[in-house]
Participant: 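Quick one: this structure, given as structure tokens, is what I'll be asking you about.
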Amino acid sequence: MRLAFLGPPGAGKGTQARDLSREWGVPHLATGDMLREALAARTALGLEAKRFMDQGALVPDEVIIGLMRERLAKPDAAKGFIVDGFPRTIAQAEALARLLKDAGQALDAVIFFDVSEEELLRRLTGRRVCRQCQTTYHLVSAPPQKPGVCDRCGGELYQREDDRAETVRRRLEVFARQTAPLLDYYRQRNLLTTVAGEGPIDSIRQAIRRAAGTAR
Ligand code: AP5
Ligand code: MG
Ligand code: ZN
């Protein structure tokens, strides 16, 4: 199972990938999470990426491709993965295809999460994330049992720096300009499946299972 989750900021990629990767026993490879972990560890990569992330811009392709090349080479990715937030440009998509081809592999499907802009704004401004395990909550639609505390690990919940209203607008523009061209790219390669990304989290998860051909 080699899947890519594609969609605008706030579409629910991370929410669904986290649960499905557990269910399917494959790693969840999220470039955004990897960059935030690098930043929390104060590595050179993390500090460089922060300049772009805080502005809602994309981190340069070479940096991201290098990061994913290393990650995909780890043994746990050999029997499958869900990539979340990658690829985000045509150059990244081509690099991914090459990396997989060199390993005798290929993507099985790309799942596009279709969500209206109004709903994206609502989700991003109410999002809270666990500092320790990166589990995602929403103040209204998915609140933690105890305010400010992660149900799963007891970690502290915080608001992402790039979830401020101006940065969110910028991220949506960047998606439209730099990432949306991937829809045609994958459609032409017969890899794209669109899933309606609004409604209960469980129903969307079931639609993804169906799209991935694993529904029972
Ligand atoms: P990244 O971390 O990937 O952010 P993103 O793509 O902008 O997407 P999000 O994580 O914001 O949204 P999501 O789809 O995961 O939604 P979630 O499940 O959390 O990237 C951040 C930055 O890193 C980029 O801007 C860039 O700078 C850099 N970067 C990362 N990858 C890169 C790459 N490949 N190339 C270059 N730069 C890169 O859900 C959102 C909220 O909605 C949550 O509160 C959740 O609880 C709620 N929610 C989820 N599902 C539902 C539902 N069905 N109903 C109601 N609420 C829901
Ligand atoms: Mg995410
Ligand atoms: Zn946690």
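Every number for a ligand or one of its atoms is a count from 1 in the order of the listing. The first residue of the sequence shown is numbered 1, and numbering continues consecutively from there.
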Participant: Is the shortest side-chain N to carboxylate O distance from D162 to R160 below 4.0 Å?
Facilitator: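 Salt bridge flag = yes for R160 with D162.
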
Participant: To which protein heavy atom is atom 17 (P) of ligand 1 closest, and what is the distance rounded to 0.1 Å?
Facilitator: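 For atom 17 (P) of ligand 1, the nearest protein heavy atom is T15 OG1, 3.6 Å.
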
Participant: So, the side chain of R88 versus the backbone of T179: is there a donor-acceptor pair under 3.5 Å, distance only?
Facilitator: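 Absent.
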
Participant: Please check: side-chain N/O of Y137 versus main-chain N/O of D151, any donor-acceptor pairing under 3.5 Å?
Facilitator: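 Flag set: sc Y137 to bb D151 pair under 3.5 Å.
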
Participant: Quick one: does R160 get within less than 4.0 Å of ligand 1, heavy atoms only?
Facilitator: yes

Participant: For ligand 1, does I64 get within less than 4.0 Å through its side chain, its backbone, both, or neither, judged by non-hydrogen atoms?
Facilitator: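 It is the side chain that touches ligand 1; the backbone stays farther off.
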
Participant: Is it true that E118 and R122 have a side-chain N and a carboxylate O under 4.0 angstrom from each other?
Facilitator: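 Looking at R122 together with E118, the answer is no, because their closest N to O distance does not fall below 4.0 Å.
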
Participant: Out of Q134, R123, R36, who gets a non-hydrogen atom closest to atom 48 (N) of ligand 1?
Facilitator: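 Checking each option, the heavy atom nearest atom 48 (N) of ligand 1 is found in R123.
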
Participant: Applying a 4.0 Å heavy-atom criterion (strictly less than), which segment of P9 is in contact with ligand 1: side chain, backbone, both, or neither?
Facilitator: both

Participant: Side chain, backbone, both or neither: which applies to R171 and ligand 1 if a contact is any heavy-atom pair less than 4.0 Å apart?
Facilitator: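 Only the side chain of R171 comes within reach of ligand 1.
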
Participant: Between D163 and ligand 1, which residue portion shows a heavy-atom distance shorter than 4.0 Å: side chain, backbone, both, or neither?
Facilitator: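 Under 4.0 Å from ligand 1, D163 contributes no heavy atoms.
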
Participant: Do me a favour and list the nearest non-hydrogen protein atom to atom 33 (C) of ligand 1 with residue, atom name and distance?
Facilitator: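 For atom 33 (C) of ligand 1, the nearest protein heavy atom is R88 CD, 3.2 Å.
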
Participant: At the 4.0 Å heavy-atom cut-off, does Q55 count as touching ligand 1?
Facilitator: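 Outside the 4.0 Å threshold, so no.
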
Participant: Could you see which bit of P87 sits under 4.0 Å from ligand 1, with heavy atoms only: side chain, backbone, both or neither?
Facilitator: neither

Participant: Examine ligand 1 and decide if any of its atoms is less than 4.0 Å from a heavy atom belonging to G7.
Facilitator: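 Not so, G7 does not reach ligand 1.
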
Participant: Using modelled atom types only, decide if a donor and an acceptor are shared between the side chain of Q55 and the backbone of R170 within a distance under 3.5 Å.
Facilitator: no

Participant: Check this for me: does any side-chain nitrogen of one of R164 and D54 sit under 4.0 Å from a carboxylate oxygen of the other?
Facilitator: no

Participant: Would you call R209-E23 a salt bridge at under 4.0 Å N-O?
Facilitator: yes

Participant: Would you find more than 12 non-hydrogen atoms of other residues, nucleotides or ligands less than 6.0 Å from E117 atom CD?
Facilitator: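 Open: at most 12 neighbouring heavy atoms sit under 6.0 Å from CD of E117.
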
Participant: Considering only non-hydrogen protein atoms, determine which one is nearest to atom 37 (N) of ligand 1 and report residue, atom name and distance to 0.1 Å.
Facilitator: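 In this structure, atom 37 (N) of ligand 1 has V59 N, 3.0 Å as its nearest protein heavy atom.
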
Participant: Starting from the Zn ion (ligand 3), count all protein N, O or S atoms within a radius below 2.8 Å.
Facilitator: 4

Participant: Under 4.0 Å between a side-chain nitrogen and a carboxylate oxygen: does that hold for D163 and R171?
Facilitator: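 Between R171 and D163 there is a salt bridge, with a charged N closer than 4.0 Å to a carboxylate O.
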
Participant: Counting only heavy atoms closer than 4.0 Å, does ligand 1 sit against the backbone of D61, its side chain, both, or neither?
Facilitator: neither

Participant: Using a 3.5 Å cut-off and no angle test, enumerate the donor-acceptor pairs between side-chain atoms of residues 28-36 and protein atoms at least two apart in sequence or in another chain.
Facilitator:
{"from": "H28", "atom 1": "NE2", "to": "D84", "atom 2": "OD2", "distance (Å)": "2.9"}
{"from": "T31", "atom 1": "OG1", "to": "G85", "atom 2": "O", "distance (Å)": "3.0"}
{"from": "D33", "atom 1": "OD1", "to": "R36", "atom 2": "NH2", "distance (Å)": "2.8"}
{"from": "D33", "atom 1": "OD2", "to": "R18", "atom 2": "NH2", "distance (Å)": "3.4"}

Participant: Answer with side chain, backbone, both or neither: which part of V129 has a heavy atom less than 4.0 angstrom from an atom of ligand 1?
Facilitator: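 Under 4.0 Å from ligand 1, V129 contributes no heavy atoms.
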
Participant: What is the closest protein heavy atom to atom 8 (O) of ligand 1, and at what distance does it sit?
Facilitator: K13 NZ, 3.1 Å

Participant: If you count the atoms of ligand 1 from 1 in the order shown, which ones are under 4.0 Å from a heavy atom of S141?
Facilitator: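 Every atom of ligand 1 under 4.0 Å from some heavy atom of S141: 55 (C), 56 (N).
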
Participant: Working to the nearest 0.5 angstrom, can you tell me the gap between S21 OG and M1 CE?
Facilitator: 11.0 Å

Participant: Of the protein's non-hydrogen atoms, which lies at the shortest distance from atom 53 (N) of ligand 1, and what is that distance?
Facilitator: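 Result: G199 O, 2.9 Å.
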
Participant: Closer than 3.5 angstrom, by distance alone: can the side chain of R123 be matched with the main-chain N or O of A11 as a donor-acceptor pair?
Facilitator: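 Yes; at least one donor-acceptor contact below 3.5 Å.
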
